[in-house]
> 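Could you have a look at this structure, given as C-alpha cells, before my questions?
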Amino acid sequence: MDAQSVETVLNRRIRPAIQMDGGNIELVEVKENTVYVRLVGACHGCPSSMMTLKFGVERLLREEFPELTEVVTV
C-alpha cells in the first residue's frame, strides 16, 4: 500500500460521493499501514464526519488494502 494506490482508490470510490455532499478528502500521508487524510469543504467540522471516516472511507480502503491499520484525520 502506497500513497499512489490509496489516491487511486480515493479518486475512484470515495471522493465522488464526498464531493456530492459538498466536501472533499485530501490524502496527507501513508505511513506504516495507516492512512492520514484531511476532510475539507462541507465535511470539515461536520458532526457526521467521523462516521463517514470510519464507516465509509476506512471500510472501503480496507476492502482494497487488508493490511490497513486505520484511517486518521489530521
Side-chain angles (χ1 to χ4, degrees):
M1 174 175 64
D2 61 19
Q4 184 176 353
S5 60
V6 171
E7 188 69 43
T8 298
V9 174
L10 289 175
N11 284 333
R12 191 182 72 224
R13 298 190 64 194
I14 298 168
R15 191 168 279 126
I18 292 176
Q19 288 174 336
M20 284 178 29
D21 288 333
N24 207 343
I25 186 167
E26 297 174 351
L27 178 62
V28 175
E29 181 179 23
V30 176
K31 185 176 180 181
E32 298 176 8
N33 294 330
T34 300
V35 172
Y36 297 87
V37 299
R38 181 177 297 115
L39 296 173
V40 295
C43 292
H44 179 72
C46 172
S48 300
S49 64
M50 288 311 293
M51 295 287 285
T52 298
L53 190 68
K54 292 297 178 185
F55 298 109
V57 175
E58 189 170 292
R59 182 183 59 80
L60 289 171
L61 286 175
R62 280 186 197 278
E63 288 176 10
E64 299 285 334
F65 309 104
E67 69 274 20
L68 177 68
T69 304
E70 72 177 317
V71 176
V72 177
T73 187
V74 294

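The figures that follow rest on heavy atoms only: side chains count, while hydrogens, waters and symmetry mates do not.
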> Under a 4.5 Å cut-off applied to non-hydrogen side-chain atoms, are Glu26 and Asn24 in contact?
no
> Do the non-hydrogen side-chain atoms of Leu61 and Ile14 ever get within less than 4.5 Å of each other?
yes
> Consider side-chain contact (heavy atoms from CB on, under 4.5 Å). Of Thr8, Leu10, Val9, which one does Val6 pass it with?
Leu10
> When rounded to the nearest 0.5 angstrom, what distance separates CD in Glu64 from CZ in Arg13?
5.0 Å
> Keeping Arg62 on the side-chain end and Thr69 on the backbone end, is there a donor-acceptor pair under 3.5 Å?
yes
> Does any N or O in the side chain of Lys54 come within less than 3.5 Å of the main-chain N or O of Val71, such that one atom is a donor and the other an acceptor?
yes
> Going hydrophobic residue to hydrophobic residue with side-chain gaps under 4.5 angstrom, can you get from Tyr36 over to Val30?
no
> Taking Ile25's backbone N and O only, do any of them form a donor-acceptor pair with Arg15's side chain (distance below 3.5 Å, no angle check)?
yes
> With the 4.5 Å side-chain cut-off for hydrophobic clustering, are Leu60 and Ile18 part of the same group?
yes
> Tell me, do Phe65 and Val35 make a side-chain contact under 4.5 Å, heavy atoms counted?
no
> Please say yes or no: joined through hydrophobic side-chain contacts below 4.5 Å, possibly via intermediate residues, are Val28 and Val72 part of one cluster?
yes
> Heavy atoms only: give me the nearest Leu27-Glu7 pair and the separation to one decimal.
CB-OE1, 3.3 Å
> For Glu67, look at atom CD and say whether over 12 heavy atoms of other residues, nucleotides or ligands are found less than 6.0 Å away.
yes
> Taking atom types as modelled, find out whether Ser5 and Asp2 have a side-chain donor-acceptor pair closer than 3.5 angstrom.
yes
